[in-house]
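Note sheet for the following structure.
Throughout, a chain's letter reflects where its sequence line sits, starting with A, and its residues are numbered from 1.
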Amino acid sequence: MNPKLRRLLPRLLLVGLILGLALFAPLLTDQDPVKMTISERLQPPSADHYLGQDEYGRDILARLLYGARVSLAVALLAAAAAGVIGVTLGLVGGYFGGIAELFTVRLTDIVLSFPPMLLALLIVTILGPGAETLTLVLTILYTPGYARVAYGETLSARSVEYVEASRALGASPFRILFRTILPNISGPLIVQFSLTVASAILIESGLSFLGLGVVPPDSSWGLMIRAARGYMVYSPLPLLWPCLALTVTVLAVNALCDALRDIYDPKAAREGGLLQAARSLVRFPVAGEARRAEAEPAEDAQVKVSDLRIEFATPHGAFAAVDGVSLAIGRGETVAVVGESGSGKTMIGLSILRLIPGPHGSITAGSIALRTKQGDVLPLEQLDEEALEEVRGRDVAMVFQEPMTSLNPVYPVGEQIAEALRRHHDLNKREALAKAIELLERVGIPDAALRVRDYPHQMSGGMRQRVMIAIALSCTPALVVADEPTTALDVTVQAQILDLFQHLRDEGDSDLGLMFITHNLGVVAEIADRVLVMYCGRIVEEGPVREVFRDPRHPYTRGLLSSIPRVNQATGERAPLTAIPGTVPGPGERPQGCAFAPRCAFAEPRCSVEEPVAHSFAPGRSTRCLRWDELGPAAARDTEREITQEAGQ
Amino acid sequence: MSDKPKTFYDDLSRRHMLGGMAALGGAVLVGPGLIGRAQAKTPGTLVFGLSSYPPGIKPWENKGTASSTVKLQLFRGLLGYGPDGGLQPELAESWEIPDAQTYIIQLRDNAYFHNGDPVTAEDVKVSLEAIAAEDSTAHLRSRFGVVESIEIVDPKTVRINLKEPQVTFIYLLASVHSHIVSAKELAKDPNNFVGAGPYRMVEVERGTRIEMEAFDKYYKAGLPKTKNLRFDAYKDENLRVAALEAGDVDVIEYVPWQSMDSIGANSKLNLDVVDGPFMYLLFNTEAGPFTDPRLRQAVAYAVQRQDVIAAAFFGRGNLLGAMPIPKGSEYHEPSFEGHWKRDLEKAKALLAEAGFPDGFQATLLSTAQYGMHKDTAEVVQQNLADIGIQVKLNLPDWATRVSLGNRGQYDFAVMGSAGDFNDPDALTNFLDGTRGNSYVRSLGFADDEINGLLAEGRQELDPAKRKAIYDKVHARALELAPIVPINWRAQGYATQAYVSGFKNMPGFLTFYSGYTIENTAIE
Amino acid sequence: MGGGGLTTYVARRVLIALGLVYIVTTIVFLVLHVIPGDPAMLLLSGGGVDPSAEAVAELRRKLGLDQPIFTQYIDYLAGLLQGDLGNSFQDDHPVAAEIAKRLPRTIELILAAALLSVLTGLPLGTLAALRQGGITDRSLSLVAGLMLSVPVFVTGTLLVLVFAQKLQWVPAGGFVEWSRDPIRHLIHLLMPAVTIAMGLSAVIFRMMRTTVLETLQQEWVRTARAKGLSGRSVLLRHVVRNALGPVLTVLGLHMGTLLGGTVLVEYVFNWPGLSGFLVVAVETRDYPEVQGIVLVISFLFILLNLLVDLLYSVLDPRIRLE
């Protein structure tokens, strides 16, 4: 069962039980809630009176049950009445706007300019206390809430396609409002209803407590508390029961409300779904003391990853997102990691900063050796969080895919750059800001001295990505991991950002190592020295860009190459796109033998049985295909030419 | 690997947050404990817990018990009452009543107003005339209409001539609503009331607190016994008791009935309870079922009085099955006592006789604002169900209750009241409908015989003859049942055990117990 | 955000607020004169006595209640325009002065409660979010749910029973001016503030927990970590700071509701604030006081909502007010 429903059901049952107790009060007790037996005042619980008797000798249980009827009836009735009136006002106001809006939604605003308790007091004074007055008071109090919800939802629903479609089809406004829009906003309204009920129960009891609510001899929890308060010092039980009943009921309705909100309110629903996501972002498993092996010094490599295995725990068991990957990035080298989503390429990037989302994801084998600017080689997989914080930003930095959300909206961009600077350098605020301006200039932001004070939302996507790059470069790391840095940008901006990367790599001390993660081979051709092609957590082909493009020795690489849109130089015609059939298998669906076999045009029966190993067939080149030598170089030669041409345009 | 994954905030959250929380929580919980009873009482100050903040303390307006108590400290009238309930001289040194139409008052030599001026005959004349004046809002305004003239015989002697003989006029002079104020100050500012009471005003924190200090030229030697006096208002009765139990106050008025047992059992506290006012039912005799006296009688026989006492007053108080003339009074007639008691047969017979053998429906007006009114109404509703009268309760707030009562919008109503003084003439308020519509008496009830007898009683000087007159009134009232009394209501004050001298005065005078504050000492 | 735009925005909101307050005032004025209950009668019949009819008529004349309602309304408006809220029916005390004295007490109570709530709700909400699903989170959430469900009059009553009557640690209620004795002032403030804070801190706790959870999965948090910031900095600067906007907005709105909603707490603890005063004013039909209080509270309520919006735009630069 859906976990949300699983949360909902017991709460629904509890509220149902309370309602049932109230509804069937006459069947549950044969005691009369108003029958006084003065001689048995304040008797403790007995066989006839399970919860004892009150100051008139009335049965407390009966009064609790019958009191529940009054309290709940008032609350439900008011919530429902307010719902009907408020929703109608909100729908009409939101749909028609103008004068209609003035006389519906704006009218209810007057109610909102009274603090609720004050309004309740005034109305009760005019009309005199009583259950009917209470219902009216609560109805008036809650109408604006519904009106607002309905109004807001109607406004947004009005422009939605299916509504416009109904309108175009000539449906009457009435039909559109109640048949099309209303069902669509029922979720938030159900949430509003349960919220209102809980609040109404509280206000009802509060007013009854003040003597302004339910009129005796009718029973109400608020009244019972008011009366029992007088003798609580020597007879606390009669106070306890209604307090308990009230608290449990409100608690149950509130809990139900929370569960409903998870289901209906998209914003809060994220909260429930967030459970995994939020943890995965911040939790980070720290490697134990198990392996203390010295990291192998990789000659001249900024980073050397060996036999890395990253596993994720899922309800269906562990699955390896990265499975035995080894790679090295040399000084000043740009390495592209290419693959479809789900290939594990991002995980490799994150693992180099040890930012793999925990606790479900963790490095279970292999090593990551990072060379710092001082020349030490650190075994990253063994460092604790504190040591990692030193390394991040200083020795290795990262540029993320989504510049819109990767910057904190509440700080000016300059401050966010300065923050990184001050973390690793002993700078005061002013110095750091001056440095930030320099960095902004370096990444090509005009008027840097002014823009440094801009907030992220005041910048375009390309600008923001430049800021991200400035942050990454701020502490002159030896290695930058760029995870699809251009994907979220539009085409012209993409090219500018790529130019920037190229420029940065080529300028001054070009010691900067760059790991460029992308699914776009066109980008690879432009920027990278070497390319690693990943599929299902493994590197399936590796080699210098030019060679791999000219002579791909894995069917997957070939498939990727032919799925790039390209234009024939001579004719100006678009070559037909050849997409790789099928999709990347999900976790737990990984086939036996070669993982790519089910999608592979070259697959033979043995491919589904025998697992290919990485085969190094030339210096710097390897592939994981059983039939690598049957994939001739000619097959892809012209492809490569066209790509380089296109990318160069 | 450690079995529990660690997070980047692990250390920090534990160290900083939990530590901070613990400190904060500790401060909140332990703080007051350490300070302990930091709010020790100010020595030499008597703290009196009022049941409400006086809505006004003008000398002649009746604004309730709390107001009367406060007024008594600032002002005094010509006469007053001693702790035993007997009349005693205040600003007057002595008085003479040559006939029931003439009152000659001799003033004290040593009585001074708070501004230092001596109290003179002029002040008395001006004050008493102001009560009856055209623009007066005084409580006793209409009763003072009986005054023909006030003569200044000499600076210390006043002669009051009445339009007709009235033996009860002396009680008006002893009322807490006929205080004497400085004529000089009143002439300067009609809203500046300077009295000659035992305490003078120091500071008023409106709605919360009134502070006073002893007046050094008070006319009673050695009084008041406590230097400083403070009134704190505790509107909520539970809180008033809590304040007493917590030691915040020395005396409280209006002890809630449900707390009387626990206060009585508390060795650190003293409880002083008397039968003061009485609870009764009044009727709309102009319209509705209760125009028929037999139905009023039926109600009188159906009410289970001890149930009201038990439920509304937690067993405190005494049955009242006749007209409210206190037992201690010389006008009390034992043969009337307990005339009405629950007798369902009789009640049903009366219903049948009146043509309602199966009962009828009626609206009972009371108020939810005061527990005793509400509780009484609930019990009466139950009791009347036994003879088939279906009672619908109407329990608005007090203000609405008063309005509906004055307008007569009810079939019958619950009321609690006390007479203005301990004399059977106080019955006039409840029995004489010619005095106009009022929420304290039955709408439209007027009986010539009763009214004639009451007038006679006011003029008769001889106590024996008066008793005969009031016995006739009583008998007639029991026949017509203009009101149906239920019970004497216990009225309680409670003090700390170390408080001495404070006394709850008997009968209707319980609300005048403020007189004894001047005798009250702490430790 | 252009300065001009903001000024226009604020000016427009204030104008709307004034309009609403005018409507509210008029409604309350009319309503009061419809309610049964004659102020003059009430004033002269303390303790269930029977005032003389002439005295009542005279008092009605003095209070101006013998005038037609329309005349009374015009007089009232004229007074309002001169900043005069009128005088109490009870003792002729100026209403404005009384409100000026009592309003700060209610505000103080609300602020003290808000402070306690923020001091507990913010850190605990953050903690619960960080420990989501764990025993800490579950127990804290349960406690918060409970505190939200217990009405203040129950909490208040129980606090008085335990801490004043049984333990005698604190006075049962009442008030001492700061100028008289600051320590006793704070002691008297403690219990009512804690009573309100219980519910309020639960609200803040829940809001903080949700918002922090939401913020934690924002990508800028990952960016911040990639910069090498310590867990503490990431949490404070990039999670908590960002969560403040919505949380403080909710706090502000609740404080507005409390302006009239401290009624029960003021009643239970005898705190001489404005809302408790309103109950008494309604009971005694003191029209000028009721009108004055409603006017001031509604105005503050609307103003506070405006301030909350402004504050939110300061806390979240993405919000533009126009």
Ranking B/Val241, B/Asn406, B/Asp232 by heavy-atom pairs under 4.5 Å to chain C gives rank one to B/Asn406
Relative to chain C, which segment of B/Glu237 carries a heavy atom at a distance below 4.5 Å: side chain, backbone, both, or neither?
neither
Pairwise side-chain contact, C/Pro272 with B/Glu205, heavy-atom cut-off 4.5 Å (strictly under)
no
Report the distance from atom CG of B/Asn238 to atom CG of C/Leu161, rounding to the nearest 0.5 Å.
10.0 Å
Between C/Glu177 and B/Arg209, is the closest basic N to carboxylate O distance under 4.0 Å?
yes
Region of C/Arg105 that comes under 4.5 Å of a non-hydrogen atom in chain B
side chain
Pick whichever of B/Lys58, B/Arg206, B/Arg407, B/Arg143 has the most heavy-atom pairs under 4.5 Å with chain C.
B/Arg206
For the pair C/Lys62 and B/Glu61, find out whether any cationic side-chain nitrogen is under 4.0 Å from an anionic carboxylate oxygen.
no
Just wondering, do B/Thr400 and C/Arg285 contact through their side chains at under 4.5 Å, heavy atoms?
yes
For C/Val56, which atoms come within 4.5 Å of any heavy atom of chain B: side chain, backbone, both, or neither?
neither
Would you say C/Lys101 and B/Thr208 make side-chain contact, with heavy atoms under 4.5 Å?
no
Taking CD in B/Glu134 as the centre, count heavy atoms belonging to other residues, nucleotides or ligands within less than 6.0 Å. Is the count above 12?
no
Looking only at atom types and distance, does a side-chain atom of C/Asn270 sit under 3.5 Å from a main-chain N or O of B/Ala233, one as donor and one as acceptor?
yes
Which bit of C/Phe277 comes within less than 4.5 Å of chain B, counting heavy atoms only: side chain, backbone, both or neither?
side chain
